[in-house]
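The residues of the chain are indexed from 1 along the displayed sequence. Note that the structure is a prediction, hence the values are computed from the model and not measured.
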Amino acid sequence: MINSLSGRFLILTVIFVMLAEVLIFVPSVARFREDYLLARLEKSQIASLSVLASQDQNISSSLAQELLDNAGVYNVVLRRDAASQLVLSSPVPGPVTTMVDLRDPSAAYLIIGAMRQLFVPPEGVIRVIGAPTRAAGTMIEVAMPQAPLRAAMVDYGLNVLALSAVISIISAALLFLAVRRFMVRPIKRVVHSMEAYALAPEDARRVIQPTSSITELRAAEDTLAELQTRLTGSLKQKERLAQLGGAVAKISHDLRNILTTATLLADRMEMSDDPAVQRSAPKLVNSLSRAVNLCEGTLAFGRVEEAPPKLAMTQVRDIVEDVLQSEQLSTSSDIRFDCDVPKQMMVRCDGEQLYRILGNLVRNARQALEASGTAGKISIVGGEAADGWRLTIQDSGPGLPPKARQNLFTAFEGGVRVGGTGLGLAISAELARGHGGELKLVRSDEHGTEFQLFLPKENALFDQAAQ
């Protein structure tokens, strides 16, 4: 109850209403005390005027005491014509301990005096000075007991506090009901909708329907509905892609087997003496090899994740030369392949995965040059630094199209050539990350394309794992 929104509103309402009542209570008590004292001065003035009106007749002591008791004072001093006169008097039971001047009091003076008399009750008699009404004199002064005044102030204060408590309870209850009706219920509806949607996010029927009339809640419902709609669409798309991926993997598996058999037959065709067959067979073999590679790449990407690399110090130049020679055999165009990697350069890597990374990059460069129909150059440059090794793959091709650069390492979206799938670069980037390294595009313009593969040294790998 206390931790709920409506419960906290209830508590805060009671606190704020009581605080407001306290701010009202203090000046109210001060005002009550002033009115009480002015009433005593007015009664005392009436009693003194009665005595002055019958100056030719002697007032009995019993009548004088009755006038004083009716006014609630011990004595009355009235100043008229620059002379003060003790009009009524009776024995004063104690000394005067408090004096109140009501001729022109400030609000702070009245409040401080009232609070002091209410919470620190003084003993003795209170002396009150005021201005007579209707020009009956220049000053009137009375002495009166403090106990009746404080008792009246306490009764008045208790009545104010009781009224404040009633107002607080009623206000808090009304606000509690209003909050539950206009805020808590709509919020609970949103929460229930979120819980129901979480059970089956693919079900579009569970998307919240905005109905709130409160501006803020309606905005929250609209945003939530848009978010749920997008998420549902994304989940459905991912489900379809997953199903499509499974189907493609199965097809690629079977197709790879068929293409492998066809490759063996094409190899035997190369031994034919027919000149036409000899000219066509290499191209057929190359086409079948590319198809097999595509199937293998699709199957590799279809796995949940690549196997972790088996890291070992490897002489990278042999791998680079093997990649370049394989691609050189696969092309009939005027393309030059250069290897600028030091013979003694040893890299901590998985040799097989490094071959796949470089093979994908060099193959893409070769295909780009072949598509442009011009002579070109593909080179791999290697170097070592304090933090790791860098292999730069450069070509003099036409550069990557803008769309390919935007989704360069995204599978099925980063294809560089027509009919390409973009799997090669996606797989290469994933393998580089598996080494703790990075594959990035350095530049791509009309002068060619340059990729850089960074593989960290052992200490760099440990530092990265520690972080």
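When side chains are defined from C-beta on, R33 counts as touching V100, because their heavy atoms get closer than 4.5 Å. Residues I170 and L174 have side chains in contact (heavy-atom distance under 4.5 Å, counting atoms from C-beta outward). Proximity of H192 to R189: side-chain heavy atoms (C-beta onward) are nowhere separated by under 4.5 Å. In this structure, T98 and R116 have side chains that are not in contact, with every pair of non-hydrogen atoms separated by 4.5 Å or more. In this structure the side chain of E327 never reaches within 4.5 angstrom of the side chain of L358, judged on heavy atoms. Residues R206 and L199 are in side-chain contact: their nearest non-hydrogen atoms beyond the backbone lie under 4.5 Å apart. With a 4.5 Å cut-off on side-chain heavy atoms, L102 and L38 count as touching.
Residues L369 and G397 come closest through the heavy atom pair CD2-CA, 3.4 Å. When every heavy atom of P456 is checked against every heavy atom of G436, the shortest pair comes out as CG-O, 3.4 Å. Looking at every heavy atom in both residues, G157 comes nearest to F25 through CA-CE1, 3.3 Å. Annotation for G72 and P145: closest pair O-CD, 3.8 Å, computed over non-hydrogen atoms. Residues S428 and L439 approach most closely at CB-CD2, 3.7 Å, considering heavy atoms. Taking all atoms of both residues into account, the shortest heavy-atom contact from Q117 to L149 is NE2-CD2, 3.2 Å.
Distance CG/L311 to CG/D350: 7.0 Å, rounded to 0.5 Å. Distance check: L354 CG to L453 CG gives 6.5 Å after rounding to the nearest 0.5 Å. For the atom pair CD (Q325) and CD (Q328), the distance works out to 7.5 Å, reported to the nearest 0.5 Å. Between T229 atom OG1 and Y197 atom OH the span is 7.5 Å, to the nearest 0.5 Å. The line from CG of D322 to CD1 of I319 is 8.5 Å long, rounded to the nearest 0.5 Å. Taking CZ from F337 and CZ from R366, the interatomic distance works out to 7.0 Å, rounded to the nearest 0.5 Å.
Here E226 pairs with R230 under the side-chain hydrogen bond (donor to acceptor under 3.5 Å, both in side chains) rule; sequence neighbours left out. Listed by chain and number, the residues in a ring-ring contact (aromatic ring centres under 6.0 Å, His included) with F32 are Y156 (sequence neighbours excluded). With sequence neighbours excluded, no residue forms a side chain to side chain contact (heavy atoms under 4.5 Å, CB included) with A220. Applying the side-chain hydrogen bond (donor to acceptor under 3.5 Å, both in side chains) test to S28 and every residue at least two apart in sequence or in another chain returns nothing. Scanning for side chain to side chain contact (heavy atoms under 4.5 Å, CB included) contacts around K377 gives R336, D338, S379, S396, with sequence neighbours left out. For R443, the salt bridge (charged side-chain N to carboxylate O under 4.0 Å, His left out) partners two or more places apart in sequence, or in a different chain, are D445, E450. Under the rule for a side chain to side chain contact (heavy atoms under 4.5 Å, CB included), the partners of M194 that lie at least two apart in sequence or sit in another chain are V190, L224, Q228. Under the rule for a salt bridge (charged side-chain N to carboxylate O under 4.0 Å, His left out), R40 has no partner lying at least two apart in sequence or in another chain. A search for side-chain hydrogen bond (donor to acceptor under 3.5 Å, both in side chains) contacts involving S372 returns T374, not counting sequence neighbours. Take D155 and apply the salt bridge (charged side-chain N to carboxylate O under 4.0 Å, His left out) test, not counting sequence neighbours, and it matches no residue. For the side-chain hydrogen bond (donor to acceptor under 3.5 Å, both in side chains) test, no residue two or more places apart in sequence or in another chain qualifies with E352. Taking D222 as the reference, R218 meet the salt bridge (charged side-chain N to carboxylate O under 4.0 Å, His left out) condition, with sequence neighbours excluded.
Counted within 6.0 Å of CG on D104, heavy atoms from surrounding residues, nucleotides or ligands total 12 or fewer; the atom is thus considered open. By the neighbour-count criterion of 12 heavy atoms within 6.0 Å, atom CD of E42 is sparsely surrounded, having that number or fewer from other residues, nucleotides or ligands.
Looking at S193 and E221, their side chains never bring a donor and an acceptor atom within 3.5 Å of each other.
For W389 (side chain) and M346 (main-chain N/O), a donor-acceptor pair under 3.5 Å exists by modelled atom type. A side-chain donor-acceptor contact under 3.5 Å links R317 to the backbone of V341. Between the N360 side chain and the R356 main chain, a donor and an acceptor come within less than 3.5 Å of each other. Looking only at distances, no side-chain donor or acceptor of R348 sits under 3.5 Å from a matching main-chain atom of M313.
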>> Between L361 and L425, does the side-chain contact (heavy atoms from CB on, under 4.5 Å) criterion hold? Intermediate values first, please.
In response: CA-CA 7 Å; L361 294 172; L425 289 176; 3.5 Å; yes
query = Are Q394 and V442 close enough, and set up right, to give a side-chain contact (heavy atoms from CB on, under 4.5 Å), and what steps lead you there?
reply = CA-CA 10 Å; Q394 303 172 339; V442 178; over 6 Å; no
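Using a cut-off of 4.0 Å between Lys/Arg side-chain N and Asp/Glu carboxylate O, R31 and E34 are scored as salt-bridged.
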